[in-house]
Amino acid sequence: MPWSWVQKADNNSEWLSAKIKEWTIQQETWKQQLLLEPEDLSSTVDMERLFETFPMIGGLDITPDKEQDDIAYVGIVVLSSKSLQVKYCQTHCVKLQVPYVPGFLGFREAPALINAVECLKREKVDCFPQVLLVDGNGILHPRGFGSACQVGLSLNLPTIGVAKSLLSVDGLNTLQIKEQICEEGKRWLPLLGSSNRVLGAALLSNECVKRPIFVSVGYRIKLLEAINLVFHTCRYRIPEPIRIADKISRQASSRDFC
DNA sequence: GCGACAG
DNA sequence: ATCTTGTCGC
């Protein structure tokens with residue numbers, strides 16, 4: 001839906017317009033709690049040490065129901081980070097409380113995702129991950145607080161945002177990034193906002209892939225660690241934890257539909 | 001004023 | 001997120 005439609009709908013709905021104001025303040029407040037440290041993109045990452053720090057990696061995705069727009073299916077998986085062996089796999093049918101508004105995805109999805117992680121902790125603690133991949137952005141966001149930040153901060157768990165398309169922030173645009181990544185022949189490219197702050201990275205996750213994915217820090221992890229973890233878990237364009245979570249949540253949505 | 005906007 | 005159609009490679 002174009003943003004103008006949303007704005008038009010807002011004017012007819014005091015309710016949503018008030019919510020958006022509230023959410024904006026909430027994001028600005030939560031942003032202060034992110035404990036962001038300056039990124040050193042020239043340092044090297046020791047993969048073995050990375051696997052020791054994050055032996056298990058979780059993936060979260062959510063598929064909306066085909067007919068009821070307040071119903072959705074959460075997929076949650078946990079893999080061994082190094083071997084990519086699946087350790088845990090579960091779906092949940094959930095009721096969503098608010099509509100999707102660009103820039104506020106977390107308020108729609110994060111509560112359901114957080115619930116799925118808490119459920120995993122109760123039913124299978126030995127599969128509890130040290131890091132989560134969230135389908136969406138981290139600090140690569142208009143107010144520096146995407147859904148991956150919301151999930152991480154709430155659970156006090158390291159998170160990484162992985163988006164399939166670029167959210168327009170700080171004048172960043174997809175074409176310019178695509179050109180740049182081709183020119184330089186690199187596997188990944190830092191995304192710099194105004195004042196040269198590092199917001200995330202565009203990553204060609206596979207040799208055959210043409211379109212980058214967009215990786216950003218959610219909570220309590222370095223961008224370089226995030227990039228290396230995500231790259232390691234990519235058999236295809238989308239990292240395995242998210243790809244499998246997406247698959248099982250889709251399966252749940254078509255199963256419950258019948 | 002116009003456009004642009006994760007899932 | 002959803003829809004569609006076509007093409008390539010196994």
Side-chain angles (χ1 to χ4, degrees), chain A residues 1-10 16 20 23-24 27 31 59-76 93-114 116 132-152 159-177 191 193-194 199-203 206-219 226 230 235-239 241-243 245-254 257:
Chain A
M1 321 283 153
W3 179 238
S4 56
W5 295 12
V6 178
Q7 279 189 326
K8 207 176 269 183
D10 287 356
L16 195 50
I20 288 173
W23 293 339
T24 303
Q27 286 177 334
K31 182 189 171 178
L60 293 164
D61 193 35
I62 183 160
T63 300
D65 189 83
K66 291 176 185 71
E67 15 186 64
Q68 296 144 279
D69 58 4
D70 60 339
I71 300 295
Y73 305 87
V74 172
I76 174 169
C93 179
V94 297
K95 186 162 167 61
L96 302 174
Q97 302 298 322
V98 299
Y100 167 66
V101 180
F104 303 92
L105 178 66
F107 292 91
R108 178 166 169 82
E109 296 190 345
L113 302 181
I114 290 161
L132 291 173
L133 299 189
V134 178
D135 194 14
N137 287 302
I139 64 169
L140 180 57
H141 179 274
R143 285 163 298 281
F145 196 86
S147 58
C149 301
Q150 201 164 329
V151 171
T159 54
I160 301 168
V162 180
K164 296 180 283 295
S165 61
L166 182 66
L167 179 57
S168 174
V169 17
D170 254 321
L172 261 33
N173 108 304
T174 312
L175 279 99
Q176 160 218 334
I177 288 159
L191 300 173
S194 48
L199 302 179
L203 173 68
N206 189 301
E207 303 297 341
C208 318
V209 136
K210 297 167 186 171
R211 302 170 56 209
I213 57 174
F214 302 91
V215 177
S216 57
V217 166
Y219 189 56
V230 168
R235 283 219 254 261
Y236 310 101
R237 179 173 177 248
I238 305 300
I242 289 182
R243 202 179 66 86
D246 175 76
K247 190 168 74 176
I248 64 174
S249 67
R250 280 177 200 274
Q251 284 170 351
S253 82
S254 43
F257 184 68

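Chain letters run A, B, ... following the sequence lines, proteins first and then strands; every chain starts at 1.
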Out of curiosity, A:Ile177 CD1 to A:Leu172 CG, how far, rounded to the nearest 0.5 Å? 4.5 Å
How long is the line joining CG of A:Leu60 and C1' of B:dA6, in whole Å? 15 Å
Once you round it to whole Å, what is the distance between P of B:dG7 and CZ of A:Phe107? 18 Å
Rounded to whole Å, CD of A:Gln68 lies from P of C:dA1 at a distance of 20 Å
Grab the CD1-P distance between A:Ile62 and B:dG7 for me, whole Å please. 13 Å
Roughly how many Å is it from CD in A:Gln27 to P in B:dA6, rounded to a whole number? 14 Å
To the nearest 0.5 Å, how far apart are CD1 in A:Ile20 and CZ in A:Phe104? 5.5 Å
Under 4.0 angstrom between A:Arg250 side-chain N/O and B:dG7 OP1 or OP2: no
A:Lys164 bridged to A:Asp135 by N-O distance under 4.0 Å: yes
Among A:Val162, A:Val209, A:Val215, which one satisfies side-chain contact (heavy atoms from CB on, under 4.5 Å) with A:Leu203? A:Val215
In this structure, how many angstroms lie between the P atom of B:dA6 and the CG atom of A:Leu133, rounded? 20 Å
So do A:Asn173 and A:Leu166 actually touch side chain to side chain, heavy atoms under 4.5 Å? no
Ignoring backbone atoms, establish whether A:Lys164 has a side-chain N or O less than 4.0 Å from OP1 or OP2 of B:dG7. yes
Where DNA chain C forms stems, i.e. three or more consecutive Watson-Crick or G-U pairs with both distances under 3.5 Å: none
Kindly indicate, with the supporting measurements, whether the criterion side-chain contact (heavy atoms from CB on, under 4.5 Å) is fulfilled by A:His141 and A:Ser147. CA-CA 9 Å; A:His141 179 274; A:Ser147 58; over 6 Å; no
Quick check on B:dG7: is either OP1 or OP2 less than 4.0 Å from any side-chain nitrogen or oxygen of A:Ser165? yes
Let me know the distance between OH of A:Tyr100 and P of C:dA1, rounded to the nearest Å. 10 Å
Does B:dA6 have A:Phe214 stacked on its base, where the ring centres are within less than 5.5 Å and the planes differ by under 30°? no
Quick one: label A:Asp135 by what it contacts on the DNA or RNA (base, sugar-phosphate, nothing), any heavy atom closer than 4.0 Å. sugar-phosphate
Rounded to whole Å, how long is the line connecting atom CG of A:Leu172 with atom P of B:dG3? 21 Å
Describe, in one word, how the ring planes of A:Phe107 and A:Trp23 are oriented to each other, choosing from parallel (under 30°), tilted (30 to 60°) and perpendicular (over 60°). parallel
